[in-house]
Amino acid sequence: MSNSRCQLTQLHVLLPSLTKGSKKHDPGSRNKPKVMHRLGSWHRYHFHVSCKPLVNPSSLASLNTNYAFNSFHDLTENLCNRLLNSCNGSALLKQIHSSLTASGIIKRNSHLGAQIIIKYAKFGDNNSARSVFDTILGDKSNSFLWNTMIRAYANGGCHVEALELYSFMRKTDIAPNNYTFPFVLKACASKSLIIEGKVVHGDAIRTGFDFDLYVEAALVDMYAKCGQTDEGFKIFDKMLMRDLVCWTAMITAYEQAEQPHKALLLFQKMQLDGVLADAVAIVSVASAVGQLGDTMKAKIVHAYAICNGFLADVSVENAIIAMYAKCGNVSKARLVFDLMEERDGISWNSMLSCYTQNGQASEALLLFEEMLDSGCKPNPVTALIMVSACAYLGSQHLGRKLHNLVIDEKIKIDATLRNALMDMYAKCGDLDTATRIFNDIHLSERNATSWNVVISGYGMHGYGKEALNLFSQMLQAGVEPDHITFTSLLSACGHAGLIDEGRKCFADMKKHSVTPQAKHYACMVDMLGRAGLLNEAFDMIQQMPIPQSDGVWGALLLACRIHGDTELGEIAARSLFQLEPEHAGYYVLMSNIYAASNRWQEVGKLRQDMKDRGLRKPSAFSVIEFGKEVHGFLTADRVNPYWQEVYRKVESMAVEMKMVGYVPDLSCVLHDVEEEDKEYILSYHSEKLAVAFGIMKIDPEIAIHITKNLRICSDCHSAFKFVSYVYGRKIVVRDANRFHHFQDGTCSCNDYW
DNA sequence: TTAGGGTTAG
């Protein structure tokens, strides 16, 4: 009796929700008569109860008990079903839950229990879902209920709990079925738990579900996400029947394993098999083409998407933007972006990322402002992209502004974003803030990337010993160094001239199970070469157990230019011309080595070779932050409104550099320039200026970050090295082709042969 | 009444 009173009270409380839900029902729905009937029944019942709220026990006793209670339960369960279907708030869900628990219905009706589990999972409340599961478990249990709870865990990111529950299930009499395995395998895949995944695979074989289409697709996906693509392919290959999802799972597996050729080959086979692609498949294929960086193939995928009507799908459009971005085709990406009818956060992020990936950080900043104006809220990924754009521009002002925006917008600063912010501050010259962020990270939360960023930051500012000290701390903290750590360390040693320490670091790599890659050899060659140990650098290249890269020979060629070693320079250049025949920079570097030793004939030959190949060195530029703006700055640039301030500052810095003992290297400036002018030219554009800038800790109103030497003639726009304009004086500089007459910010040139 | 494949960053 008390039960029935309780149920009546709960029903009364729930009435408004049901009525509200019924109003939302689509009048054109095919379910309308059924629902109206249910509602009608319920209203009649409710009306009856409302008229007689205080039920007389004797009148109830006079009723046919079975009929009354069955009817009541049916109504209650129907009502709860309806409520659960329309329930979109956790408060109402908890109300329904407590109602069903109090009435005891939840123990009898596992269907309703499962529906509540599903709803709780949808609201991200797996603890409540589990309490429902545990309530029902003792009384009535079946695979469906277990599957529902495992699914709730697997979809809600509680992968360990999903596996523990599956393990518990195996110990009971409840047998897993074809629904169980995809859920459990998903949990294994999400955490790359290959051992557990193989156990589940074994269970699927034992129970005979390993040939179920859904289980097979889940197995392919699990093996792929655990990095065992070939194992996944074995299952895929043995499948008697394959649908689109299975094909896509395997294509995605190859794409994720960075085997784009195999992914595309499989896509072709799928089409030959008569299986039509859908949006999900196209996204994977577009990603594979992006990995190839093949614009022609990208255009084919784009055309395929248009012809099959996939461009109405935002995800496909986003994937196509990312594809063009990776192919370096920014204009095509922008075209797709501009033509989109609807954009989501990923669309904006993809386009922003497209700009940063292709060195157009300023464009990214402009688009970011458009994004904010459009009302699209930046998320942590947006913040990451934009922080890297600020790092690229070296703009401390923009970086700080962005950091403030992240705080104002309450964007979650996770470990990745914190590392990116640290990197940005270090690259913008604000090592103090970078260090402060690093120090604020709890020791246990500092991952390898955090250490790498701070080591690299100290290294790039010339603090080699501090970088080495941080490395020792990293080891003490029990964080294993990776290949990036050693690149940062070797680079730090190179910048600070710590040769012995650099050699030791290189030797220590094996101890930490890091195999030296081409970039590590390049750092070593650069370090040794700059120190004048050209033969040791050359020997190192020759003894490399891996293929010699253009990076190592490039480092040697640069060292030969610094130390005037034409003979070794020629050896390096020959290798470079073979490895990278289209790289204009190496021809220019070698021609400068010849020029420095007055071998003009060879200079001419190289220049002619460049012309014959149609090579032109792209103009290099400095990035200068003045006030709140970032400017690109070319040689002899008087277009920039702040050119006078910039030159004044550079001039004062050059004086300070000389005071701290910097001796400019004049060997490569051509001989037509007066000694005094050579020094002046180099003081503008030496990479050491940037290093000195950090060492001297100058905090000027103008921050200057020299990224590359300036190499452009404003008249002929030809690219060459060590030509510069000296403000207020006319100078004549000769390169391999011409004389360049610089005066008052302009340059005229004429051929000299 | 419960199912398998996807895009942005790092």
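Since the model is a prediction, treat every value here as computed from it, not as a measurement. So you know, we letter chains A, B, ... as the sequences are listed, proteins then strands, and number each from 1.
The nucleotide whose nearest atom lies closest to any side-chain atom of A:Gln357 is, among B:dT2, B:dG6, B:dA9, B:dA9. For A:Asn349, whose side chain is taken as the heavy atoms from C-beta onward, the closest listed nucleotide among B:dT8, B:dT2, B:dT7 is B:dT8. For A:Leu384, the side-chain atoms get nearest to B:dG10 when compared with the rest of B:dG10, B:dA3, B:dG5. When distances run from any side-chain atom of A:Lys186 to the nucleotides B:dT8, B:dG4, B:dT7, the shortest one goes to B:dG4. Ranking B:dT8, B:dT7, B:dA3 by closeness to the A:Glu255 side chain, first place goes to B:dT7.
No N or O donor and acceptor, one from the side chain of A:Thr416 and one from the base of B:dG10, sit under 3.5 Å apart. A donor N or O paired with an acceptor N or O is found under 3.5 Å between the base of B:dA3 and the side-chain atoms of A:Asn178. Scanning atom types as modelled, no donor and acceptor separated by under 3.5 angstrom connect the side chain of A:Asn419 and the base of B:dG10.
No side-chain donor from either of A:Tyr324 and A:Arg334 sits under 3.5 Å from a side-chain acceptor of the other. Side-chain contact annotation: A:Asn155 with A:Lys186, donor-acceptor N/O pair under 3.5 Å present. Between the side chains of A:Glu258 and A:Gln291, no donor-acceptor pair is found at a separation under 3.5 Å. Under the 3.5 Å distance criterion, with hydrogens and angles disregarded, no donor-acceptor pair is assigned to the side chains of A:Asn452 and A:Ser488. Neither side chain, A:Arg400 nor A:Tyr425, offers a donor N or O lying under 3.5 Å from an acceptor on the other.
Taking atom OH of A:Tyr179 as the reference point, atom P of B:dT2 lies 7 Å away to the nearest angstrom. A:Asp210 has its CG atom 19 Å from the P atom of B:dG4, to the nearest Å. A:Lys326 places its NZ atom 8 Å from the C1' atom of B:dT7, with the value rounded to the nearest Å. The distance from atom CG of A:Asn379 to atom C1' of B:dT7 is 13 Å, rounded to the nearest whole Å. Counting to the nearest Å, the C1' atom of B:dG10 and the CE atom of A:Met386 are 16 Å from each other. Atom CD1 in A:Ile413 sits roughly 20 Å away from atom P in B:dA9 (whole-Å rounding). Atom-to-atom, CG of A:Leu352 to C1' of B:dG10 comes out at 16 Å; the value is rounded to the nearest Å. Between A:Arg242 atom CZ and B:dG4 atom P there is a gap of 21 Å when expressed in whole angstrom units.
Between A:Tyr166 and A:Trp146, the ring center distance fails the sub-6.0 Å criterion.
Taking 4.5 Å as the limit, some side-chain heavy atom of A:Leu165 sits within range of a side-chain heavy atom of A:Phe133. In this structure, A:Val160 and A:Lys191 have side chains that are not in contact, with every pair of non-hydrogen atoms separated by 4.5 Å or more.
Nucleic acid contact for A:Leu213: base, since at least one base atom lies under 4.0 Å from a heavy atom of the residue. Among the heavy atoms of the strands lying under 4.0 Å from A:Asp221 are primed sugar atoms or P, OP1, OP2 only; no base atom is included. When heavy atoms are screened at a 4.0 angstrom cut-off, A:Ile321 is found touching no nucleic acid atom at all. Across all strands, A:Asp212 comes closer than 4.0 Å to base atoms (heavy-atom distances). Looking at heavy-atom distances under 4.0 Å, A:Cys354 makes no contact with the nucleic acid at all. In this structure, A:Thr248 reaches the bases: a heavy-atom distance under 4.0 Å links it to at least one base atom across the strands shown.
For the pair A:Ser353 and B:dA9, the criterion of a side-chain N or O lying under 4.0 Å from OP1 or OP2 is met. OP1 or OP2 of B:dG6 lies within a sub-4.0 Å distance of a side-chain N or O belonging to A:Lys225. Taking 4.0 angstrom as the limit, A:Gln256 places none of its side-chain polar atoms (N or O) nearer than this to OP1 or OP2 of B:dG6.
DNA chain B lies under 4.0 Å from at least one heavy atom of each of the following residues of residues 269-289 of chain A: A:Asp278, A:Ala279, A:Val280, A:Ala281, A:Val283, A:Ser284.
Using a 30° and 60° split on the angle between ring planes, A:His483 and A:His520 fall in the perpendicular class, above 60°.
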